[in-house]
Amino acid sequence: MTAIRQDAWTADDDLILAEVTLRHIREGSTQLAAFEEVGEKIGRTSAACGFRWNSCVRKKYEAAIQLAKAQRQKRNFLKKQPLGAQVASIVLNEGEEVTLKSEMITEDSLSMDMVIRYLRQWRNNYQDISRHMKHMEKELQDKEEQCNRLRQENEQLSRQVNAVQTDYRTVNDDYKALIQIMDRARRLAILSEEEEDTKTRFRMDANGNLERIE
């Protein structure tokens with residue numbers, strides 16, 4: 001058994017309540033049936049859904065309610081008409097809808113011209129849809145080609161970045177090695193100078209003897 005929610009109504013809850021209730025109005029069902037369906041979907045009682053609809057949500061959908069009622073009336077009217085009247089009510093002549101006058105239109109009174117106009121209208125609509133589909137397919141193909149080009153450019157840039165990173169590591173390693181060589185040479189030079197300073201020096205006196213130079 002679904003637990004009954006006690007939390008506050010959310011925008012999604014209100015939207016579900018509105019959509020289901022408007023659908024039931026269009027189809028000629030009752031609002032009570034709509035509230036029961038909504039309650040099962042969102043885990044609330046039908047009474048809570050009805051109270052929410054009448055106190056808050058209904059005010060936001062007055063225009064949609066009137067449209068749903070008009071669609072319900074038209075739906076019920078067409079159901080009572082014979083097949084010929086239903087077909088005649090379809091858009092036949094360049095967007096103009098055939099008006100159902102007081103006289104009854106039956107299958108026998110449905111002329112061949114009306115059928116031909118209907119088929120032509122259907123063909124034109126089909127051609128429009130086909131052209132639109134071809135246009136969409138062309139756009140999709142162009143987008144795919146663009147994605148492929150961008151993918152190839154990205155792969156090329158990635159390879160270039162990898163090459164630059166490799167060159168950088170090589171140069172960096174060479175620079176570190178050069179620094180180490182220069183540091184070693186500097187230390188050797190300092191040691192050589194120190195050794196030179198510490199060497200004992202001698203000179204020969206007038207008698208031919210060596211004497212130490214301090």
Side-chain angles (χ1 to χ4, degrees), residues 1-24 26 34 37-44 48-49 52-53 56-57 59-61 63-64 67-68 91 95 120-205 210-214:
M1 181 176 180
T2 304
I4 303 302
R5 294 170 53 185
Q6 300 295 331
D7 55 332
W9 283 74
T10 64
D12 291 338
D13 294 339
D14 288 343
L15 182 60
I16 294 174
L17 176 60
E19 289 178 346
V20 174
T21 303
L22 290 173
R23 172 166 54 80
H24 277 262
R26 287 194 302 270
E37 180 179 341
V38 175
E40 292 179 357
K41 285 186 175 182
I42 64 177
R44 299 183 186 272
C49 295
R52 180 68 177 179
W53 170 258
C56 181
V57 180
K59 301 174 184 178
K60 302 177 182 179
Y61 293 90
L67 179 60
V91 177
R120 286 176 178 174
Q121 181 71 25
W122 182 88
R123 183 191 61 186
N124 292 335
N125 292 337
Y126 177 78
Q127 290 176 347
D128 292 339
I129 295 174
S130 297
R131 285 193 294 269
H132 181 68
M133 291 297 295
K134 290 180 180 179
H135 179 70
M136 295 296 292
E137 290 177 356
K138 180 65 169 55
E139 288 187 351
L140 179 60
Q141 183 178 0
D142 293 340
K143 294 296 184 182
E144 290 179 350
E145 292 177 355
Q146 183 179 4
C147 289
N148 291 331
R149 288 196 300 270
L150 292 175
R151 188 179 298 108
Q152 292 175 358
E153 291 178 0
N154 183 57
E155 293 176 354
Q156 183 178 0
L157 291 174
S158 297
R159 289 193 295 268
Q160 292 177 357
V161 169
N162 292 333
V164 170
Q165 290 178 344
T166 301
D167 293 341
Y168 170 77
R169 286 192 294 267
T170 302
V171 172
N172 189 49
D173 293 340
D174 293 343
Y175 173 76
K176 290 180 179 180
L178 178 61
I179 292 297
Q180 292 176 355
I181 293 173
M182 292 177 63
D183 186 60
R184 188 180 302 111
R186 182 179 61 82
R187 289 198 301 268
L188 291 175
I190 293 174
L191 291 175
S192 297
E193 291 178 358
E194 292 177 351
E195 291 178 357
E196 186 69 23
D197 293 339
T198 57
K199 287 182 179 180
T200 302
R201 297 182 180 183
F202 299 91
R203 69 180 177 181
M204 184 176 294
D205 59 11
L210 293 176
E211 61 179 2
R212 184 175 180 178
I213 301 175
E214 299 294 339

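As a basis for the values below, the full set of heavy atoms in this structure was taken, side chains included, without hydrogen atoms, waters or symmetry mates.
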Report summary line: Scanning both residues in full, the closest heavy-atom pair of L22 with A68 reads O-CB, 4.0 Å
Query raised in the report: Can you name the closest pair of heavy atoms from C49 and R44 and give their distance?
Result: SG-CB, 4.2 Å
Does any part of the side chain of [Y], heavy atoms only, come nearer than 4.5 Å to the side chain of [X], both counted from C-beta?
X: E145; Y: R149; result: yes
X: E40; Y: E37; result: no
X: T10; Y: D13; result: yes
X: V161; Y: Q165; result: yes

Query raised in the report: Between N154 and L150, is there a donor-acceptor pair closer than 3.5 Å when you use the side chain of the first and the backbone of the second?
Result: no
Query raised in the report: Between I42 and W9, is a side-chain contact (heavy atoms from CB on, under 4.5 Å) present by the stated rule, with each step listed?
Result: CA-CA 10 Å; I42 64 177; W9 283 74; 3.7 Å; yes
Query raised in the report: What residue among D14, V38, L17 forms side chain to side chain contact (heavy atoms under 4.5 Å, CB included) with W53?
Result: L17
Pairs under 3.5 angstrom only: tabulate donor-acceptor contacts from the side chains of residues 175-189 to other protein residues two or more places apart or in another chain.
from	atom 1	to	atom 2	distance (Å)
D183	OD1	R186	NH2	2.8
D183	OD2	R187	NH1	2.1

Report task. Determine, for R169 against D173, whether the closest basic-nitrogen to carboxylate-oxygen distance falls under 4.0 angstrom. Result -> no
Query raised in the report: Got a sec, which residues hit side-chain hydrogen bond (donor to acceptor under 3.5 Å, both in side chains) with T170, two or more places apart in sequence or on another chain?
Result: none
Query raised in the report: Can you list every pair that meets salt bridge (charged side-chain N to carboxylate O under 4.0 Å, His left out) and has a residue in residues 153-163, with sequence neighbours left out?
Result: none
